[in-house]
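Below you'll find the structure, written out as structure tokens, and then a few comments.
Residue numbers start from 1 in every chain, and the chains themselves are labelled A, B, ... in the order their sequence lines are given, proteins ahead of strands.
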Protein chains: 2
Amino acid sequence: MEQKIIDLLKRSGLSITDSRKKILDSFFQKNSALAHADIEDYVGTDFDRVTIYRTLQTFVDKGIIHTIPTPDNAVVYALCKDSCSAGHHHDNHVHFICDNCNKTFCLEHIVVPAVKMPTGFNATQIDMVVSGVCNFCNNVS
Amino acid sequence: MEQKIIDLLKRSGLSITDSRKKILDSFFQKNSALAHADIEDYVGTDFDRVTIYRTLQTFVDKGIIHTIPTPDNAVVYALCKDSCSAGHHHDNHVHFICDNCNKTFCLEHIVVPAVKMPTGFNATQIDMVVSGVCNFCNNVS
DNA sequence: AACATTTTGCAACATAGTTGCAATAGTGTA
DNA sequence: TACACTATTGCAACTATGTTGCAAAATGTT
């Protein structure tokens, strides 16, 4: 796991630092998307708030994580699959937010369907966010 | 116009106040969605920041406006069509954000397409936000 | 080990949004 | 129209979120 994280950082051309390792680790530990506050909770007081902001920004720039827009306008981050590289970002899957446990999931294999735009409108990016109850919460009940 | 706004407020069971009239007016004047800051600019110093927050919240509760999630996570509001009523909200159209002029539009007649959810996931709401260049910016170039 | 380059932490700041409470304005009734 | 009741507003203070500059510390390279 440790090695997997170090490899990913190296592959992205980033130097190996404690905060980057720990923050990446938090994404591998949980398998849902994380808000800034979640990460702050996870790493505790080990690192400064500012460092977390900057690290997340770096990860987004390098294509390691991507942001997910949510209806309640909280910033949420999730790991990108290997096909994502710096700048060129293949994030065309549907995202799911559970109203019950409040977690955000990437539905990796559900592709955002095409929509026909009105004349004059050119689409470059499409975000689709579905809310409801996730499989974990459904199984519990 | 004045009368139209007063009728809308009455129909929603709200008392007629200067701030509500002015804020509703800003939505009728511009025909794109508005961020809190846009409204603050429009109404100037006539009303307190807090009043604008509370008024927008009231309008959302009553189904007069709806919020739109944006990829850069700014809160944006737009007028609901008449079919929207308090609590019961028919907001199943696609939203469009222009990367050039930065305005947000409701594509009222473009319905969000259906997507098949993985087993265990139940969808109650689907948001679809398209980014690109709007028809106004395309015509200009 | 020594150096140049990144990264981090701190402090200070900027913006966004919330809450309690007293003052004010709107509404229905006489 | 005047009154009383209720709803709304403004103020102040606060919390949360995010940003910037700069010096100190850690990283990578030789």
> For A:Leu56 and A:Val75, what are the C-alpha separation, side-chain angles and deciding distance, and is it a side chain to side chain contact (heavy atoms under 4.5 Å, CB included)?
Replying inline: CA-CA 11 Å; A:Leu56 289 171; A:Val75 190; over 6 Å; no

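Distance NZ (A:Lys21) to P (D:dG28): 9 Å, rounded to an integer number of Å. Taking atom CG of B:Asp46 as the reference point, atom C1' of D:dT8 lies 16 Å away to the nearest angstrom. Look at CD on A:Gln57: it is 13 Å from P on C:dT7, rounded to the nearest Å. One atom, NZ of A:Lys62, and another, C1' of C:dT7, lie 14 Å apart when rounded to the nearest Å. At whole-Å resolution of the value, CG in A:Asp48 and C1' in D:dC22 are 14 Å apart. The separation between A:Leu56 atom CG and C:dT7 atom C1' is 15 Å, rounded to whole Å. Atom CG in A:Leu9 sits roughly 12 Å away from atom P in D:dT27 (whole-Å rounding). Rounded to an integer number of Å, the gap from CG of B:Leu14 to C1' of D:dT9 is 15 Å.
Here CD1 of B:Ile68 is found 3.5 Å from NE2 of B:His95. Values are rounded to the nearest 0.5 Å.
Here A:Thr58 lies out of heavy-atom contact (under 4.0 Å) with every strand.
Picking from C:dG17, D:dT17, D:dG10 the nucleotide with the shortest atom distance to the side chain of B:Phe47 gives D:dG10. Side chain of B:Arg49, nearest nucleotide from C:dT18, C:dT8, D:dT17: C:dT18.
Here A:Arg20 reaches the OP1 or OP2 of C:dT7: one of its side-chain N or O atoms lies under 4.0 Å away. The shortest distance between the side-chain N/O atoms of A:Ser15 and the OP1/OP2 oxygens of C:dT6 is not below 4.0 Å.
Of the two residues near DNA chain C, B:Ala37 and A:Ile52, the one whose nearest nucleotide lies more 5' is A:Ile52. Along DNA chain D, the nucleotide nearest B:Thr17 and the nucleotide nearest A:Asp18 are compared for position; the residue whose nucleotide lies closer to the 5' end is B:Thr17. Summary of the strand contacts: B:Ile16 and B:Val50 both lie near DNA chain C, and taking for each the nucleotide with the nearest heavy atom, the more 5' one is attributed to B:Val50.
Note on ring orientation: taking the six-membered ring where Trp is involved, the planes of B:His66 and B:His93 are perpendicular (angle over 60°, cut-offs 30° and 60°). The aromatic rings of B:Phe121 and A:Phe96 sit perpendicular to each other, their planes meeting at more than 60°, with 30° as the lower class boundary.
Judged by distance alone with a 3.5 Å cut-off, no donor-acceptor contact links the side chain of A:Arg54 to the base of D:dG18.
Looking only at side-chain heavy atoms (C-beta outward), B:Leu107 and A:Val115 stay at 4.5 Å or farther from each other.
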